[in-house]
Amino acid sequence: MTEKTTYKSLVKQMAEGGAPIAALALATAAGRRRRNLERLAGDIRFTGINELLVRLSTVGKAFAETPELSKLTFIVKRTHADFMRALEASLSGYFSVASDAMRDVLEIQYLLMDFAINPGHADDWLTTDDKDRWKRFAPSPVRKRLQAAGVVQFGDKAESKDYKGHSMGLHLSPVPLINSADGIVPEHSWLNEAGYWEMFDHGRGLLRGLTMLIEKAAPGSHAEVEIKKDMPSFVEASRQAETLKQVWLAIQEAGVKLHEGDLVTAGNIVLRAMAGSGILDRELIVSAGGDDAVFEALIETMHRLAESDEPISRAAARAFLSIASDGTETDGSSPEGELSSNS
C-alpha cells in the first residue's frame with residue numbers, strides 16, 4: 001500500500017474532491033473504531049463474539065446437512081451477518097445500527113421458537129404468499145402465540161422493555177430516544193458499551209431459539225450436537241457484559257432516588273453496582289464508611305474514574321460524585337445527565 005492509497009489519504013482525496021461531509025463521517029468512524037479497539041485490546045468480549053460467530057457457522061452447516069432443517073439454513077446465515085454488522089457498528093460508534101441488527105435477531109429468535117412449538121409453521125412460512133405470511137407471521141401474532149404457550153413472558157418488565165425499546169428505536173417517532181439515529185454517539189457515551197451487551201443478550205436468546213427448534217425438528221442430529229457444545233468464552237464475556245449493563249441500570253435507579261431527595265440510597269445503589277462489577281474494590285467501599293481518610297481515597301478514585309476512557313465506569317463515577325456533592329453538580333454529570341446527555 002502506497003502513501004497515496006492509505007485509508008487516511010483516500011478519505012482526504014474524497015474531501016478535496018468535493019465530498020467533505022461524507023469524508024468527515026468516514027474519518028470520524030475510522031478514528032472511533034481505532035480508539036475503541038485500543039481501549040478494548042485483548043478483551044474477552046471479542047473472543048466471546050468470535051465464539052458465537054463460529055458456532056453460528058457450524059450450526060448453519062449442520063442445518064444445510066439436515067433434511068428437517070435445510071430449508072432454514074439461510075436464516076442462520078442471516079443472524080451471522082447481523083452480529084458482524086453489530087460488531088462493526090459498535091466499534092465505529094453507531095449504536096443505532098447495532099440495535100437495529102439485534103432487533104432482527106430478536107425477531108428471528110421468536111420466529112424459530114414459533115416453528116418449534118407449532119409443527120408445520122416453518123413450511124407455512126416458507127410457502128405462503130406475502131399477504132398471508134404477514135398476517136400469520138408478523139411480529140405481533142408470533143409474540144401472541146409465544147405468550148400463550150408460555151415460551152416468553154412479555155409481562156416481564158425486562159423482556160417487555162427490551163422489545164419495546166427496539167421497536168421505538170427502529171420506527172420513526174417524535175419521542176426523543178437514548179438510542180437515537182442521530183449518527184455516531186459521543187466519544188465517552190455509555191452507548192459505546194451498550195452494543196456489546198446487546199450482542200450477548202440477543203446471542204443468548206438466539207441460541208435458545210435455535211436449540212428449541214433443533215430439539216423439536218431434528219432431535220439427535222448433528223445440529224443438536226453442535227448447538228449444545230460448550231461456549232466458555234461466550235459465557236464469560238456475556239457475564240461481564242451483563243455486570244456493566246447492571247451498573248448502567250443502577251445509575252438510572254440512583255437517578256430516581258436522587259430526584260426524590262434520597263441521597264444516601266442513591267449513593268449506595270451506585271456503589272453496590274460498581275463493586276459488583278469489579279470497577280471498585282468492595283473493601284475500599286466498606287472501609288470508607290468509618291474512616292475519613294479512606295473516604296477521601298474513595299472520592300479520589302471516583303475522580304480518576306470520572307475521567308477515564310471506560311464509558312460505564314466514567315458514567316457511574318460521575319453519577320456518584322454528583323450524589324456525594326448533594327446533587328449540586330452542574331456539569332451534566334448527574335445520574336439524569338448521564339442518561340439524557342450521553343456525555
Side-chain angles (χ1 to χ4, degrees), residues 48-49 51-83 86 101-128 133 136-164 166-167 197-235 237-239 241-242:
I49 292 170
E51 195 168 63
L52 175 62
L53 292 171
V54 171
R55 181 57 44 85
L56 292 176
S57 293
T58 58
V59 169
K61 291 178 181 178
F63 262 59
E65 299 165 357
T66 307
E68 299 88 347
L69 301 169
S70 60
K71 292 180 180 179
L72 299 176
T73 303
F74 72 96
I75 293 182
V76 185
K77 291 182 178 179
R78 175 165 170 155
T79 63
H80 187 283
D82 280 330
F83 284 103
M102 293 302 96
R103 157 73 186 241
D104 192 56
V105 170
L106 181 60
E107 297 290 6
I108 290 172
Q109 173 196 338
Y110 291 159
L111 197 61
L112 294 172
M113 289 175 166
D114 187 42
F115 296 165
I117 64 176
N118 295 291
H121 274 202
D123 286 337
D124 292 346
W125 180 77
L126 288 166
T127 59
T128 191
R133 182 183 298 111
R136 295 179 59 194
F137 296 102
S140 180
V142 169
R143 293 198 308 274
K144 287 179 180 178
R145 289 194 292 270
L146 296 180
Q147 177 76 28
V151 175
V152 293
Q153 298 296 328
F154 288 108
D156 176 77
K157 185 176 180 181
E159 190 153 15
S160 180
K161 186 176 181 180
D162 179 53
Y163 190 88
K164 183 178 180 180
H166 278 289
S167 296
W197 70 57
E198 281 286 298
M199 281 184 271
F200 288 110
D201 277 353
H202 295 295
R204 292 194 302 271
L206 176 63
L207 292 171
R208 180 187 172 204
L210 285 166
T211 301
M212 284 180 59
L213 177 62
I214 293 169
E215 287 179 340
K216 184 70 174 183
S221 65
H222 177 56
E224 184 172 15
V225 173
E226 286 296 328
I227 197 65
K228 292 186 175 180
K229 286 182 177 178
D230 290 339
M231 299 176 66
S233 294
F234 177 81
V235 170
S238 182
R239 184 194 65 78
E242 181 62 24

Is any side-chain heavy atom of Y110 closer than 4.5 Å to a side-chain heavy atom of D114?
no
Over all heavy atoms of both residues, which pair between A62 and A223 is shortest? Give the atoms and the distance, please.
CB-CA, 3.5 Å
What donor-acceptor contacts under 3.5 angstrom involve side-chain atoms of residues 211-219, with partners at least two apart or in another chain?
from : atom 1 : to   : atom 2 : distance (Å)
T211 : OG1    : L207 : O      : 2.7
E215 : OE2    : K228 : NZ     : 2.7

Calculate, to the nearest 0.5 Å, the distance between atoms CZ and CE belonging to F234 and M199 respectively.
10.5 Å
Could you go through V152 and R208, starting from their C-alpha distance and side-chain angles, then the distance that decides it, and tell me whether this counts as side chain to side chain contact (heavy atoms under 4.5 Å, CB included)?
CA-CA 11 Å; V152 293; R208 180 187 172 204; 4.3 Å; yes
Rounded to the nearest 0.5 Å, how far does OG1 of T79 lie from CG of D104?
9.0 Å
Derivation of the side chain to side chain contact (heavy atoms under 4.5 Å, CB included) call for S238 and R204
CA-CA 8 Å; S238 182; R204 292 194 302 271; 2.3 Å; yes
For the student: nearest non-hydrogen atoms of P141 and A138, plus distance
CD-O, 3.0 Å
In Å and rounded to the nearest 0.5 Å, what is the OG1 to CZ distance from T73 to F63?
7.0 Å
So, E51 side chain and S233 main chain: donor-acceptor pair closer than 3.5 Å or not?
yes
Taking atom NE2 of H202 and atom CH2 of W197, what is their separation to the nearest 0.5 Å?
12.0 Å
Of all the heavy-atom pairs spanning F200 and A237, show the shortest one and how long it is.
CZ-CB, 3.5 Å
Please identify each residue that fulfils side chain to side chain donor-acceptor pair (under 3.5 Å) with K61, with sequence neighbours left out.
none
Nearest 0.5 Å, what's the CZ-CG distance between F115 and L111?
3.5 Å
Within a strict 4.5 Å, meaning less than it, do heavy atoms of the D124 and N118 side chains meet?
no
Can you check whether M113 reaches I117 side chain to side chain, under 4.5 Å on heavy atoms?
no
When rounded to the nearest 0.5 angstrom, what is the spacing between CH2 in W125 and CG in L72?
7.0 Å
Short side-chain to backbone donor-acceptor contact, R136 and H121, under 3.5 Å:
no
Please determine whether the number of non-hydrogen atoms from other residues, nucleotides or ligands lying under 6.0 Å from atom CZ of R78 exceeds 12.
no
Given the rule in the side chain to side chain contact (heavy atoms under 4.5 Å, CB included) test, do L126 and R133 qualify, once you have shown the distances and angles that lead to the verdict?
CA-CA 8 Å; L126 288 166; R133 182 183 298 111; over 6 Å; no
Using salt bridge (charged side-chain N to carboxylate O under 4.0 Å, His left out) as the criterion, list what pairs up with D123, not counting sequence neighbours.
none
L52/L206 under side chain to side chain contact (heavy atoms under 4.5 Å, CB included): CA gap, chis, key distance, verdict
CA-CA 10 Å; L52 175 62; L206 176 63; 5.7 Å; no
Are the side chain of E226 and the backbone of H222 linked by a donor-acceptor contact shorter than 3.5 Å?
no
